[in-house]
Amino acid sequence: MPTSLIQPEFRVDIDYNKCHKCGRCVQQCGWGVYNFNERPIPDDSKCRACHRCVTYCPAHCITIKKNDLALRENANWSPSLRKAVWRQAESGGVMLTGMGNDKPYQSIFDHLVLDACQVTNPSIDPLREPMELRTYLGRKPDSVEVVSDGNGGFRLAEGAGMGKNIKLDTPMIFSPMSYGSVSLNVHKSLAMAAERLGILMNTGEGGLHADLYPYQDNVIVQVASGRFGVSPEYLQRGAAIEIKVGQGAKPGIGGHLPGEKINKEVSTTRMIPQGSDAISPAPHHDIYSIEDLRQLIYSLKEASGYKPVGVKIAAVHNVAAIASGIVRAGADYVYLDGFKGGTGAAPQIIRDHIGIPIEIAIAVVDQRLRDEGIRNQASIIAAGSIRSSADMAKAIALGADVVAIGSAALMALGCHMCQGCHTGSCSWGLTTQKPELTRRVDPEWGAERLTNLVNAWSHELQEILGALGVNAVESLRGSRERLRAIGLDAQTCEIIGVKPAGM
């Protein structure tokens, strides 16, 4: 009997007439695809199509092709479903995966268009006029007191309520990605870029490595159910603290970092034994009500000198009511993570089938907070497959203050979305702790690429604002009248508060 019924997903073709037989492909592959016997010999079954070998082949003689098996067509049983049955029949286990949901669900962002100015309301040229992307993360006062500046003008009075906000030079931050799930050089790249851009990176639930202390003013530290790396010093070093209740890629379950990725430095940072699995419980065992959450929020504020505290939740069907409770519990921001968000490791069945789109979550939460008169009491951070500056603009128009990018940030560092993050063998050196792979990411190089990405999206956002005739991103927040839907059903339009195109 064959050992497996599953055929390779990809085919590795090498043009040996061009091949230099230099062995570069063998060196670059983290998956162990190649053996070298006078020339590279690929093992197709190990290939993840990460394209590291293709990128670095000096002869450009390698081609990765999808292995389109001639399986009998069946509209009900797709090849991927059949392969899943074969894989589980062989392993008897839960299938793990990495990165975000790749199922063909409808993208609401792709069915929204932004309005533009023409004659009656003039557009603004962002190359000639100042465009304000600066925003502030945190609770705003119900009203502000102004005093004379002595020169005929006014300024905010001392203690007017803005002191604990965090200034962001552009409405973007880097999503939580823990040290352990990604390499230290990735964390350094994110932290260095965040400092240069005047934004924030988020530690995820993996603690804060000492090498990131110089960037602590641009770091959100996270407190998850596992409490990895949490100490009074850790809380005091962050610019803000985030309580992670849920994650868009895996709502309702905890976290799992395999012991193979827990080396000495990760174990020291996380305060756990080396080589042991880092498992976060599904619930926080001290949060079973809004009152419990309020107690934790104010405990963290006390421990940190009253720094902003946010709460991260996955987008689920009753997200508006949950967000209202979080704001009333005293959170300074609510982090909403949609079901297409990325992950270092998750059961595939959870990632692909549980949760709701971020577009709907933003709109219903923003509207609920407005209806209750508490929208000013917390900022909204939106995440879960923000793929471009257009997605960012549409998320802000739906009601977000800030967006968070994770998968796009990793792609800027080389990620090809091969979905093997959970294996720890990332050829690009991103989601691995193997020294021979992690050194492939130079933090200076990474910070430059991340800075370029955020700057490019910021310039594009300025262009969009100019086309809309507004000169500040704050004017776009929650302005759903500037959006129109194409191809969305009436009920979805009603839920997100957007009219169909033509109305």
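Basis for what follows: all heavy atoms, side chains included, without hydrogens, waters or symmetry-related copies. Start at 1 with the first residue, then count along the sequence.
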Quiz item: Does Trp428 have Arg440 sitting over its ring (NZ/CZ under 6.0 Å from centre, angle to axis within 45°)?
Solution: no

Quiz prompt | Note: Asp401-Arg375 ion pair, threshold 4.0 Å (strictly below) | solution = yes

Quiz item: Is it true that Glu474 and Arg477 have a side-chain N and a carboxylate O under 4.0 angstrom from each other?
Solution: yes

Practice problem: State plainly whether the residues Arg196 and Glu444 are in salt-bridge range, i.e. N to O under 4.0 Å. | Solution: yes

Quiz item: When you measure from the side chain of Asn218 to the backbone N and O of Ile199, does any donor-acceptor pair fall under 3.5 Å?
Solution: yes

Practice problem: Could you tell me whether the side chains of Gln28 and Ser427 share a donor-acceptor contact shorter than 3.5 Å? | Solution: no

Practice problem: Kindly assign one of parallel, tilted or perpendicular to the pair Phe339 and Tyr105, based on the angle between their ring planes and the thresholds 30° and 60°. | Solution: tilted

Practice problem: Determine, step by step, whether Tyr56 and Cys29 satisfy the side-chain contact (heavy atoms from CB on, under 4.5 Å) criterion, reporting the C-alpha distance in whole Å, the side-chain angles of both residues, the deciding distance to 0.1 Å, and the verdict. | Solution: CA-CA 10 Å; Tyr56 281 88; Cys29 183; over 6 Å; no

Quiz prompt | Check against side-chain contact (heavy atoms from CB on, under 4.5 Å), Ile241 and Val223 | solution = CA-CA 7 Å; Ile241 301 166; Val223 176; 3.9 Å; yes

Quiz item: Testing Thr431, Val266, Asp277 for side-chain contact (heavy atoms from CB on, under 4.5 Å) with Lys261, which one passes?
Solution: Thr431

Quiz item: Ile358 versus Ser385: any side-chain heavy-atom pair under 4.5 Å?
Solution: no

Quiz item: Are any side-chain N or O atoms of Thr203 and backbone N or O atoms of Leu208, one a donor and one an acceptor, separated by less than 3.5 Å?
Solution: no

Quiz prompt | Validation row: Leu369, Ile380 side chains within 4.5 angstrom (heavy atoms) | solution = yes

Exercise. With the side chain counted from C-beta on, respond yes when Leu112 and Ile496 share a heavy-atom pair under 4.5 Å apart, and no when they do not.
Key: yes

Quiz item: Could you walk me through whether Leu461 and Met172 pass the side-chain contact (heavy atoms from CB on, under 4.5 Å) check?
Solution: CA-CA 11 Å; Leu461 181 58; Met172 272 184 280; over 6 Å; no

Quiz item: So, Lys394 side chain and Phe109 main chain: donor-acceptor pair closer than 3.5 Å or not?
Solution: yes

Practice problem: Examine distances only and state if a side-chain atom of Gln88 and a backbone atom of Gly93 form a donor-acceptor pair shorter than 3.5 Å. | Solution: yes

Quiz item: When you check the side-chain N and O atoms of Asp43 and Asn35, is any donor under 3.5 Å from an acceptor?
Solution: no

Quiz item: Do Ser458 and Thr170 have a side chain donor and acceptor closer than 3.5 Å?
Solution: yes

Quiz prompt | Lys250 side chain vs Ala345 backbone, donor-acceptor pair below 3.5 Å | solution = yes

Quiz item: Checking Asp366 side chain against Ile362 main chain: does a donor-acceptor pair fall under 3.5 Å?
Solution: no

Practice problem: For residues Ile381 and Leu137, determine if any side-chain heavy atom of one lies less than 4.5 Å from a side-chain heavy atom of the other. | Solution: yes

Exercise. Kindly say whether Glu205 contributes a backbone atom to a donor-acceptor pair with the side chain of Gln222 at under 3.5 angstrom?
Key: yes

Quiz item: Quick one: do Asp286 and Arg227 make a salt bridge, cutoff under 4.0 Å?
Solution: yes

Quiz item: With no hydrogens and no angle check, do the side chains of Arg270 and Ser178 hold a donor and an acceptor under 3.5 Å apart?
Solution: yes

Exercise. Give a yes or no on whether a salt bridge exists between Glu372 and Arg328, defined as a side-chain N under 4.0 angstrom from a carboxylate O.
Key: yes

Practice problem: Answer yes or no: is there a side-chain heavy-atom contact under 4.5 Å between Cys426 and Leu437? | Solution: no

Quiz prompt | Flag, side chain of Ser379 to backbone of Gly138, donor-acceptor distance under 3.5 Å | solution = yes

Quiz prompt | Check: Asp337 side chain, Gln247 main-chain N or O, donor-acceptor pair, under 3.5 Å | solution = no

Quiz prompt | Whether Arg48 side chain and Gln419 backbone form a donor-acceptor pair below 3.5 Å | solution = yes

Quiz item: Can you find a pair of side-chain heavy atoms, one from Asp44 and one from Cys47, that are under 4.5 Å apart?
Solution: no

Quiz prompt | Heavy-atom side-chain contact between Val182 and Leu430 under 4.5 Å | solution = no

Exercise. Show the numbers, then the answer: is there a side-chain contact (heavy atoms from CB on, under 4.5 Å) between His187 and Tyr215?
Key: CA-CA 11 Å; His187 256 206; Tyr215 309 100; over 6 Å; no

Quiz item: Taking side chain as C-beta onward, heavy atoms only, is Tyr333 less than 4.5 Å from Val402?
Solution: no

Quiz prompt | N-O pairing of Asp332 and Lys307 below 4.0 Å | solution = no

